[in-house]
Amino acid sequence: MTNTILLVEDEDALTSYLIPELQYENYQVILAKDGQEALNLYDNNRGNLDLIILDWMLPKLDGLEVLRRIRKNDDIPVIMMTARDYVGDKVAGLDSGADDYITKPFEIEELLARIRVLLRHKENKGQRSDLYTVQDLTLNTKSRQVTRGNNIIQLTQREYELLLTLIKHAGETLTRDELLDSVWGVDFEGQPNVVDVYIRYLRNKVDRSFPTQLIHTVRGIGYVLTANYKE
Ligand code: CA
């Protein structure tokens, strides 16, 4: 099986060296030369991509912003690449969801080793379509198991369905009506505020004992599940 890597880097000297090396290791490489192109190619190839190598300094959108947008609803492995070696940058990259970090100049063997580690890790997590992840929250539709960090979270059937709807649309605001239709069915004849009640149950289990809140109220509209909520 061939793994596909999205390489995001604007320096020709580096890409003309990296691409043949990656291809020699049997990776298929898609090249983006700026941040906007990276997001476009990511959207168009989403189902096929296995890993992203993302430079920090890029035209149009920088690597950190590209990473933040991708991380809204995808846990694809990302290696950040940078010429800078400030601890602050490394922290910002990892905080924004980079899985690993490599400082230029680097040995190709080091990059290849990091790629192998992340791809192996990803395969161990199983089929992508079975697993939804937002930050440290995961929902596995095969085992129906929900975890946050190392904690297994026990949910009732209704809570599970509600969380599944939210996590499938992570980063999108869903209205109460949309949640009602999806979780309780279009024929539901009870009070719409049942959604608010179940959101409260869910928050108690999924968010309350954790530092980052993932379920957010969008006033007047509904709810959104995301790790990067801006008021
Ligand atoms: Ca660059």
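Counting begins at 1 with the first residue of the sequence. Numbering of ligands and ligand atoms starts at 1, following listing order. These numbers come from a predicted model, not from an experiment.
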**Student:** Got a sec: does the NZ of K205 have more than 12 other heavy atoms crowding it under 6.0 Å?
**Tutor:** yes

**Student:** I'd like to know if the side chain of R203 pairs up with that of T217 as donor and acceptor (distance under 3.5 Å, no hydrogens or angles considered).
**Tutor:** yes

**Student:** List in chain and number order the residues that pass side chain to side chain contact (heavy atoms under 4.5 Å, CB included) with S209, two or more places apart in sequence or in another chain; answer none if no residue qualifies.
**Tutor:** none

**Student:** Y201: what forms a ring pair (Phe, Tyr, Trp, His ring centres under 6.0 Å) with it, not counting sequence neighbours?
**Tutor:** Y198

**Student:** Under the rule for side chain to side chain donor-acceptor pair (under 3.5 Å), what residues qualify as partners of E11, not counting sequence neighbours?
**Tutor:** K104

**Student:** List the atom of M57, the atom of D10, and the distance in Å for their closest heavy-atom pair.
**Tutor:** O-OD1, 3.3 Å

**Student:** Using a cut-off of 3.0 Å, find all protein N, O or S atoms closer to the Ca ion (ligand 1) than that distance.
**Tutor:** E9 OE1, D10 OD1, D55 OD2, M57 O

